[in-house]
Amino acid sequence: MDYLTPNESLYGLPFDAADFQGMPYRRLGRTGLRASVVGLGTWKFGLPETGDGSRVDEETAFDIFDRAWELGVTFWDTANRYNESSGNSERLIGRWFAENPELRRDIVLATKVRGLMDGRTPNHAGLSRQSIMDGVYASLERLQTDHIDLLYFHNVHDEAEAEESIAAVDDLIRGDMVRYFAVSNCAPADFDRLEEARRLEGSIRTRIAAVQNGFDLLRGEHEAERGMLAQCAASGTSYIAWSPLAEGLLTGRYNAPQKVKKGDRLYDQKSALYRDEGLQKKLAALAELAKSLGVSMTRMVLSYMLTLPGMTHVIPAASTVAQLEDNAAAGKLALSDEFRARVREALEA
């Protein structure tokens, strides 16, 4: 049976869609900024030879960046302190921008501030005005650009008053060093606290455009942040999922535990999660559904996630061009109501 429906049915959510290079775009929250529904997470992009803990070197990263642009995957996500607070993920993007300056405007670039970075004193972390401003200046230098399209607070918990943090972002936006503001690893109460601070500051510029939280179909929202997806759907704020493939569990790579070996991420992390019998039952059911559709489990899972109310974008990582291509294909795959119901049944088994 054919479970595919026309592409436009996938975008019956309260967010506008357009496309670039065939990749659908959606608005970021209530802003006018649009980003590719499938983005590119660059958490493990860096310079492995320096011992920064990265898994994707410069040559491979540039191949991925080139292909991402060709596929319309132009929503690139990084952070200043990825890979042992080295800044190398940002540096690789900056070097690509330096080689492709005419393509900079095509990329919706997101990075983050808060974690300990660019020094080791207490003032080199947190959400004080000094930490935020210094962090952005350093990121702009590494990224070799004059602005950040979307700036996240990497975590929203800090000793600094929310009003101080919001005022610093407002100044950055006024100075066009930052275009839009978002938060990551955020619970509903934290979201409300920051929005109240924004209202007290009287700044529409710092309206939270998006919340980037961990989310995957096996575990849903992280416990500390539960309820944020529903709040985003109700408020018109974009919910962006990091680790949507559950650290590789939803790619099919771990469906045969006996074949997992050194080099596989969960094996290297000494995680036994993939050996859980209940989880393996769900993975097997999802694999069968993907097979019936003639697509990879990755493609099916990401496509399904993009139909969840409030879920506007996903930012899976890619360590090869082939992985990127499979991720990108999810943006163009539309699933029928009947097929989505079967996915839900597999997850609830």
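None of the values given here were measured: they were computed from a predicted structure. Along the sequence shown, residues are numbered consecutively beginning with 1.
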Query raised in the report: So, are E196 and R199 salt-bridged, with charged N and O less than 4.0 Å apart?
Result: yes

Requested in this report: Could you tell me whether E195 and R198 have a side-chain N and a carboxylate O separated by less than 4.0 Å?
Outcome: yes

Query raised in the report: Which residues satisfy the side chain to side chain donor-acceptor pair (under 3.5 Å) test with D216, sequence neighbours excluded?
Result: R219

Report task. Enter the distance from L333:CG to S296:OG here, rounded to the nearest 0.5 Å. Result -> 9.0 Å

Query raised in the report: So, N83 side chain and W43 main chain: donor-acceptor pair closer than 3.5 Å or not?
Result: yes

Query raised in the report: Is L347 reachable from L250 through a run of I, L, V, M, F, W or Y residues, each pair having side-chain heavy atoms under 4.5 Å apart?
Result: yes

Report task. Evaluate the criterion side chain to side chain contact (heavy atoms under 4.5 Å, CB included) for residue pair V73 and L324; output intermediate values, then yes/no. Result -> CA-CA 9 Å; V73 179; L324 170 74; 4.2 Å; yes

Requested in this report: Carefully, step by step, assess F45 and F65 under the rule ring pair (Phe, Tyr, Trp, His ring centres under 6.0 Å).
Outcome: CA-CA 11 Å; F45 286 40; F65 292 149; 5.5 Å; yes

Report summary line: Output for pair (M305 CE, T307 OG1), nearest 0.5 Å, gives 9.5 Å

Query raised in the report: More than 12 non-hydrogen atoms from neighbouring residues, nucleotides or ligands closer than 6.0 Å to CD on E161, yes or no?
Result: no

Query raised in the report: Which atoms form the tightest heavy-atom contact between N80 and S139, and what is the distance?
Result: CB-OG, 3.7 Å

**Report entry** pair W69-Q21: side-chain heavy atoms closer than 4.5 Å
**Finding:** yes

Query raised in the report: Is there a donor-acceptor pair closer than 3.5 Å between any side-chain N or O of K44 and the backbone N or O of V56?
Result: no

Report task. Examine distances only and state if a side-chain atom of R299 and a backbone atom of A328 form a donor-acceptor pair shorter than 3.5 Å. Result -> no

Report task. Just do the side chain to side chain donor-acceptor pair (under 3.5 Å) check on N213 and W242 with the steps written out, would you? Result -> CA-CA 6 Å; N213 280 358; W242 61 258; 5.3 Å; no

Query raised in the report: Hey, is the main chain of S319 close enough, under 3.5 Å, to the side chain of Q323 for a donor-acceptor pair?
Result: yes

Requested in this report: Could you tell me how the ring of Y25 sits relative to the ring of F20: parallel (under 30°), tilted (30 to 60°) or perpendicular (over 60°)?
Outcome: perpendicular

Query raised in the report: Of all heavy-atom pairs between A284 and N255, which one has the smallest distance, and what is that distance?
Result: N-ND2, 4.2 Å

Query - Straight-line distance of L40 CG to W76 CH2, nearest 0.5 Å - result: 7.0 Å

Query raised in the report: Measuring from C186:SG to H222:NE2, what's the distance to the nearest 0.5 Å?
Result: 14.0 Å

Report summary line: Value for NZ (K332) from OG (S303), rounded to nearest 0.5 Å, stands at 13.0 Å

Query raised in the report: Atom CG in L306, atom CG in L335: separation rounded to 0.5 Å?
Result: 9.5 Å

Query raised in the report: Given the rule that I, L, V, M, F, W and Y join up when any side-chain heavy atoms are under 4.5 Å apart, are M117 and L172 in one cluster?
Result: no

Report task. Report the C-alpha distance between D63 and T60 in whole Å, list the side-chain angles of each, state the deciding distance to 0.1 Å, and finish with yes or no for side chain to side chain donor-acceptor pair (under 3.5 Å). Result -> CA-CA 5 Å; D63 288 342; T60 304; 5.5 Å; no

Query raised in the report: Can you list the residues that meet the side chain to side chain donor-acceptor pair (under 3.5 Å) rule with R344, with sequence neighbours excluded?
Result: none

Query raised in the report: Quick one: does M23's side chain get under 4.5 Å of L71's, heavy atoms only?
Result: no

Requested in this report: Taking H154 for its side chain and A79 for its backbone only, find out whether a donor-acceptor pair lies under 3.5 Å.
Outcome: no

Query - Polar side-chain atom of R91 near backbone of S86 as donor-acceptor pair, under 3.5 Å - result: yes

Query raised in the report: Side chain of S243, backbone of G214: donor and acceptor closer than 3.5 Å?
Result: no

Query raised in the report: Of all heavy-atom pairs between L229 and G310, which one has the smallest distance, and what is that distance?
Result: CD1-C, 4.0 Å

Requested in this report: Answer with yes or no whether the hydrophobic clustering places V343 together with L218; edges join I, L, V, M, F, W, Y residues whose side-chain heavy atoms lie under 4.5 Å apart.
Outcome: yes

Requested in this report: Write down the atom of I166, the atom of T206, and the distance for their closest heavy-atom approach.
Outcome: CG2-OG1, 3.5 Å

Requested in this report: Starting from the C-alpha separation in whole Å, work towards a yes-or-no answer on side chain to side chain contact (heavy atoms under 4.5 Å, CB included) for K112 and L151.
Outcome: CA-CA 6 Å; K112 308 175 186 75; L151 179 70; 5.9 Å; no

Query raised in the report: Is it the case that one hydrophobic cluster holds both L200 and V183, taking links as side-chain heavy atoms less than 4.5 Å apart, direct or via other members?
Result: no

Query raised in the report: Are R27 and L33 close enough that some pair of their side-chain heavy atoms sits under 4.5 Å apart?
Result: no

Query raised in the report: Which atom names give the shortest non-hydrogen contact between D158 and L127, and what distance separates them?
Result: OD2-N, 3.1 Å

Query - Set of salt bridge (Lys or Arg N to Asp or Glu O under 4.0 Å) partners for D171, sequence neighbours left out - result: R129

Query raised in the report: Could you go step by step and tell me if N88 and D52 meet the side chain to side chain donor-acceptor pair (under 3.5 Å) rule?
Result: CA-CA 8 Å; N88 288 336; D52 65 6; 2.8 Å; yes

Query raised in the report: If you draw a 6.0 Å radius around CD in E159, do more than 12 non-hydrogen atoms from other residues or ligands fall strictly inside?
Result: no

Query raised in the report: Checking S238 side chain against G29 main chain: does a donor-acceptor pair fall under 3.5 Å?
Result: yes

Query raised in the report: Step by step, would you call S89 with T42 a side chain to side chain donor-acceptor pair (under 3.5 Å)?
Result: CA-CA 6 Å; S89 177; T42 64; 2.9 Å; yes

Query raised in the report: Taking all non-hydrogen atoms of both residues, which atom of M297 and which atom of G252 are closest, and how far apart?
Result: CE-N, 3.2 Å

Requested in this report: Step by step, work out the side chain to side chain contact (heavy atoms under 4.5 Å, CB included) result for L302 and L245.
Outcome: CA-CA 8 Å; L302 294 178; L245 296 173; 3.9 Å; yes

Requested in this report: Consider only side-chain N and O atoms of Q231 and D192, and report whether a donor and an acceptor are under 3.5 Å apart.
Outcome: yes

Query - Under 3.5 Å donor-acceptor, S131 side chain and S128 backbone - result: no

Query raised in the report: Should L28 and L150 be marked as a side chain to side chain contact (heavy atoms under 4.5 Å, CB included) after you check the CA-CA gap, both sets of side-chain angles, and the distance that decides it?
Result: CA-CA 10 Å; L28 278 171; L150 185 66; 4.2 Å; yes

Query raised in the report: So do the side chains of L140 and L143 get within less than 4.5 Å of each other, counting heavy atoms only?
Result: no

Query raised in the report: For the hydrophobic clusters of this structure (ILVMFWY residues joined by side-chain heavy atoms under 4.5 Å, transitively), does one cluster hold both L116 and M133?
Result: no

Query raised in the report: Is there a donor-acceptor pair under 3.5 Å between the side chain of R114 and the backbone N or O of F153?
Result: no

Report task. With sequence neighbours excluded, give me every salt bridge (Lys or Arg N to Asp or Glu O under 4.0 Å) pair touching residues 139-149. Result -> E90-R142, R104-D149, D118-R142

Query raised in the report: Would the F181 and Y152 ring centres measure less than 6.0 Å apart?
Result: no

Tabulate below the donor-acceptor pairs under 3.5 Å that side-chain atoms of residues 92-101 make, not counting sequence neighbours, or state none.
unit_1, atom_1, unit_2, atom_2, d
R95, NH1, E58, OE1, 2.8
W96, NE1, D66, OD1, 2.7
N100, ND2, W96, O, 2.9

Query - Qualifying residues under salt bridge (Lys or Arg N to Asp or Glu O under 4.0 Å), relative to E325, sequence neighbours excluded - result: R67

